[in-house]
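As structure tokens, the structure follows; a few thoughts come after it.
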Amino acid sequence: MSGDHSHNDDRIDCGSRVNDSHKHKDKYKDKEHKHKDHKKDKEREKSKHGSSDHKDSSDKKHRDKEREKMKHKDGSTDKHKHKDKEKRKEEKMKSIDGKIKKEKENGFASPPHMKSEPEDDFYHSPKHEKSLKRERDDDNDSEFKPKKIKTENDKKAKKRKQQDDDDEDIKPKKTKNKKGEVTDGKKKGKKEPEEKWKWWEEERYTDGSKWRFLEHKGPVFAPPYEPVPSNVKFYYDGKHMRLSPQAEEVATFFAKMLDHDYTTKDIFRKNFFKDWRKEMTSEEKATITDLKKCNFAEMNEYFKAQSEARKAMSKEEKLKIKEENERILQEYGFCIMDNHKERIANFRIEPPGLFRGRGDHPKMGMLKRRIRPEDIIINCSKDSKHPKPPPGTKWKEVRHDNKVTWLVSWTENIQGSIKYIMLNPSSRIKGEKDWQKYETARRLKSCVDRLRAQYRDDWKSKEMRIRQRAVALYFIDKLALRAGNEKEEGETADTVGCCSLRVEHIKLYPEKDGQEYVVEFDFLGKDSIRYYNKVPVEKRVYKNLQLFMENKEPDDDLFDRLNTSILNKHLQELMDGLTAKVFRTYNASITLQQQLKELTSPDENIPAKILSYNRANRAVAILCNHQRAPPKTFEKSMQNLQTKIDAKKDQLSDARRELKSAKADAKVRRDEKSKKAVETKKKAVQRIEEQLMKLEVQATDREENKQIALGTSKLNYLDPRISVAWCKKWGIPIEKIYNKTQREKFAWAIDMADEDFEF
DNA sequence: TACCGTACTTAGAAAAACGTAT
DNA sequence: ATACGTTTTTCTAAGTACGGTA
């Protein structure tokens, strides 16, 4: 039920947004084919057109739908071709953002800047400046050194140092020992207060390399298939049928999902059945010709029973499993990268199963095949102990590419894309990048006014492509839309972002709900999450949209002369390191900061402040359209809360009644005792009222959060230093905001931001 | 400049772990 | 102890972006 996103049905409005993607999907489903054909048309058309229109039409594949339109477009474009060039030059000139091209070449768009970036100095307190500058030679090593590999590691370290020294043009310096305070740190699960490595106080590589030394144990493979016991039967057309192990394994994948909505979907069933048949013996293939006649019920029950049994295991058994998992984690869950032991994010190879694409995915149900050592590419340093493939097997390849961060990769069979094993977010390599991301966003902050002025100006451009670019950018900025790369037709669900919006995704209203020039957005974005929003826009934008939509079919691209690559190229010229997604980061972070300022009341207590924080967080989540399916238990927990509220209400009216009668009583008796009784009852009423209010606030809060996911923005869009600074400023323990994992990921921010950090 | 492959970030669901009430 | 609800962790799909190539 979740994978198919039909739950979107129930998603409610966030503000003016309504969620209802299921209906939408249906809508799009109808269109799918049409759209497809259409694109083909476009393609065909494209090749027909000669060089004269290459400028326009080749910009974007599947653009030009009708020749008529083409003429229209071409006309305007050709006319302004040279102008265009001029403009570009101008733009280039303008972009004297003092950026260092060199860094770009290095693949470090901005982080290494730390040093050279004026903004940094500007924003950081002196204390931090220091760390930013990375007093490099500060002999500071010490950290981890797990006992086991200690010596070996030391050797390696030396080796590495040596290397570095030999490499002239490699700046990064290696960690050395600071003050000789050798921590005996081990990850060994022991509670030893391991000295944390502050990678953020060290220099970064500026040559585009990601590491000097990398050693790991390779991936953990999925456990081999265990056939179901023979008493667990599969029936075809009512008759028991014994399946070959291969066919049986795939059957179990389906059987396990019987309760899932996926198995009711035609595409899923069709894809599954097709792939399942490929695994069958010829006899099986001959017999099993109709999925509807397959009865997996016993298998399904068996797996349910298994998981019940697992739950019911004794403490000891559970502990045993836990320990075994811990062992595997210790062995495979870490790697050594440049002197430090770092946690690997996903060291387990994805097990085989049925592909669970999101939304209306054309490939859902396909068999995701088992990954074998022969599929695996290992990446590690030459001078490391290479991981060993399981006995009797070989790796596909072992390479030593320090320009990338992954340790293991393989090609997945559904989309043919590459999957990677990489490090944990707490690792240096991820952390640096994350930090860098926020620094880029902060640089945008310092020039966003200029940029906004520019795109507003471009709304008036004589060139269509510039207007489109400017309007798209406006959407990205104002609405935090994603860039919207084009996607391969038929390979994925039909979802869009800004540049790939189609005419059918917006509606224009000259006047709506008392507002002028309203644009109604309604489309499926990433993960087929519906984006629905009504926004009043500037008249010029409105007029431009009308122009863009002229003579187009609903399934034509709105921005037919724009794609993400054009847009990003433009952005790059405006600011070094600027891409469409930086706007999301920037707008998310700046919104948090501003909302925190607005919502935090100094004299409120901690819970109230935290509520404010969550509200600020929620504002960002709404901006970024981060939704979730209402938790399964939502209704129930809401009900429970409501029961509590009702009970409270009853209690309150009881208390009130008592108060009333006490008052009456007092009136009659007119003695001290009864007066006191009245006071007591009054107090009781007040207390209960308060409690009731609290509960109601809690309910509101929960309700507000029903389909809003705060996690994504917290983890990916909000500069953690804003939160850290806020906590410090108001004396809120950081644990109230970030859990353990989050604190690990944001260790750099927690360490470096003080209360006056400004994004 | 379209196109493709690659690398890496972002995303919500599902599973597992945890805490608490019964 | 068990059931139950909540929080955290895991999982992997789905994006963005970019560079090389023809």
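In the text below, chain A, chain B and the rest are named by the order of the sequence lines, each starting its count at 1.
- With sequence neighbours left out, Phe355(A) forms a ring pair (Phe, Tyr, Trp, His ring centres under 6.0 Å) with His361(A).
- Remark: Asn485(A) is not in phosphate contact with dG15(C), judged by side-chain N or O atoms under 4.0 Å from OP1 or OP2.
- Smallest separation of non-hydrogen atoms from Ala588(A) and Cys624(A): CB-SG, 4.2 Å.
- Residue Thr564(A) has no polar side-chain atom (N or O) positioned under 4.0 Å from OP1 or OP2 of dT16(C).
- Partners of Leu329(A) by side-chain contact (heavy atoms from CB on, under 4.5 Å), not counting sequence neighbours, listed by chain and number: Glu326(A), Phe334(A), Arg343(A), Phe347(A).
- A cation-pi geometry, defined here as NZ or CZ lying under 6.0 Å from the six-membered ring centre and within 45° of its normal, holds between Arg204(A) and Trp435(A).
- Whole-Å rounding puts the Arg530(A) CZ to dA14(C) P distance at 20 Å.
- Arg310(A) comes within contact range of no nucleotide atom at all, as no heavy-atom separation falls under 4.0 Å.
- Summarising the geometry, the separation between CG on Leu715(A) and P on dT10(C) is reported as 13 Å, rounded to the nearest angstrom.
- One can place CG of Asp261(A) at 19 Å from P of dG12(B), the figure rounded to the nearest angstrom.
- If you measure from atom CG of Asn568(A) to atom P of dG19(C), you get 11 Å, rounded to the nearest angstrom.
- Atom-to-atom, CG of Asp401(A) to C1' of dG5(B) comes out at 14 Å; the value is rounded to the nearest Å.
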Review item, nucleotides 4-7 of chain C N/O atoms under 3.5 Å of protein N/O:
residue : atom : partner   : partner atom : Å
dG5(C)  : OP2  : Lys636(A) : NZ           : 3.3
dT6(C)  : OP1  : Arg702(A) : NH1          : 3.1

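- Distance, Lys569(A) NZ to dC18(C) P: 10 Å, rounded to whole Å.
- Distances from the side chain of Met422(A) to the nucleotides dT9(B), dT6(B), dA17(C) place dT9(B) closest.
- Checking dT16(C), dA13(B), dC8(B) against every side-chain atom of Ala483(A), the shortest atom distance belongs to dT16(C).
- Between Val620(A) and Leu592(A), the shortest heavy-atom distance links the atoms CG2-N, 3.8 Å.
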Worked verdict on Arg442(A) versus Glu439(A) for salt bridge (Lys or Arg N to Asp or Glu O under 4.0 Å): CA-CA 5 Å; Arg442(A) 292 173 81 202; Glu439(A) 288 309 313; 3.0 Å; yes
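- A side chain to side chain donor-acceptor pair (under 3.5 Å) with Thr495(A) holds for exactly one of Arg358(A), Arg530(A), Lys487(A); it is Lys487(A).
- Checked against dG15(C), dA13(B), dA17(C), the side chain of Arg482(A) finds its nearest nucleotide in dG15(C).
- Within the nucleic acid shown, Thr405(A) comes within 4.0 Å of sugar-phosphate atoms alone, with no base atom in reach, counting heavy atoms only.
- With sequence neighbours excluded, the residues forming a side-chain contact (heavy atoms from CB on, under 4.5 Å) with Pro352(A) are Ala222(A), Glu249(A), Phe253(A), Arg370(A), listed by chain and number.
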Summarise protein proximity over nucleotides 17-22 of chain B in one line of letters, 5' to 3': B for base, S for sugar-phosphate only, - for none, counting protein heavy atoms closer than 4.0 Å. -S----
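- Along DNA chain C, the nucleotide nearest Lys315(A) and the nucleotide nearest Gly525(A) are compared for position; the residue whose nucleotide lies closer to the 5' end is Lys315(A).
- Put simply, Lys740(A) has no side-chain N or O that comes within less than 4.0 Å of OP1 or OP2 on dT8(C).
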Pairs under 3.5 angstrom, nitrogen or oxygen only, protein versus nucleotides 20-22 of chain C, please.
none

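- Relative to the side chain of Thr495(A), the nucleotides dT9(B), dC8(B), dG15(C) differ in distance, and dG15(C) lies closest.
- For Tyr738(A), the ring pair (Phe, Tyr, Trp, His ring centres under 6.0 Å) partners two or more places apart in sequence, or in a different chain, are Phe746(A).
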Check the pair Asp375(A) / Thr411(A) against side-chain hydrogen bond (donor to acceptor under 3.5 Å, both in side chains), numbers first and verdict last. CA-CA 7 Å; Asp375(A) 302 314; Thr411(A) 300; over 6 Å; no
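- Both Trp406(A) and Asn716(A) lie near DNA chain B, and the one whose nearest nucleotide falls closer to the 5' end is Trp406(A).
- Of the side-chain N and O atoms in Lys433(A), none sit less than 4.0 angstrom from OP1 or OP2 of dC8(B).
- Lys736(A) pairs by the side-chain contact (heavy atoms from CB on, under 4.5 Å) definition with Ile610(A), Ile732(A), Pro733(A), not counting sequence neighbours.
- Under the ring pair (Phe, Tyr, Trp, His ring centres under 6.0 Å) criterion, Tyr438(A) pairs with no residue at all, not counting sequence neighbours.
- Following rounding to the nearest Å, Ile529(A) (CD1) and dT10(B) (P) show an atom-to-atom distance of 17 Å.
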Set out, line by line, the N/O atom pairs under 3.5 Å between protein and nucleotides 11-13 of chain C.
residue : atom : partner   : partner atom : Å
dA13(C) : OP1  : Lys368(A) : NZ           : 3.1
dA13(C) : OP2  : Lys419(A) : NZ           : 2.3

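- Between Lys210(A) and dC8(B) there is a side-chain N or O to OP1 or OP2 distance below 4.0 Å.
- Under the rule for a salt bridge (charged side-chain N to carboxylate O under 4.0 Å, His left out), the partners of Arg327(A) that lie at least two apart in sequence or sit in another chain are Glu324(A), Glu331(A).
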Is there a salt bridge (Lys or Arg N to Asp or Glu O under 4.0 Å) between Arg428(A) and Glu342(A)? Walk through the geometry before answering. CA-CA 8 Å; Arg428(A) 182 214 101 217; Glu342(A) 304 243 50; 5.4 Å; no
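- Residues that satisfy the ring pair (Phe, Tyr, Trp, His ring centres under 6.0 Å) test with Phe475(A), not counting sequence neighbours, are Phe521(A).
- Atoms CZ (Arg628(A)) and P (dT8(C)) sit 13 Å apart, rounded to a whole Å.
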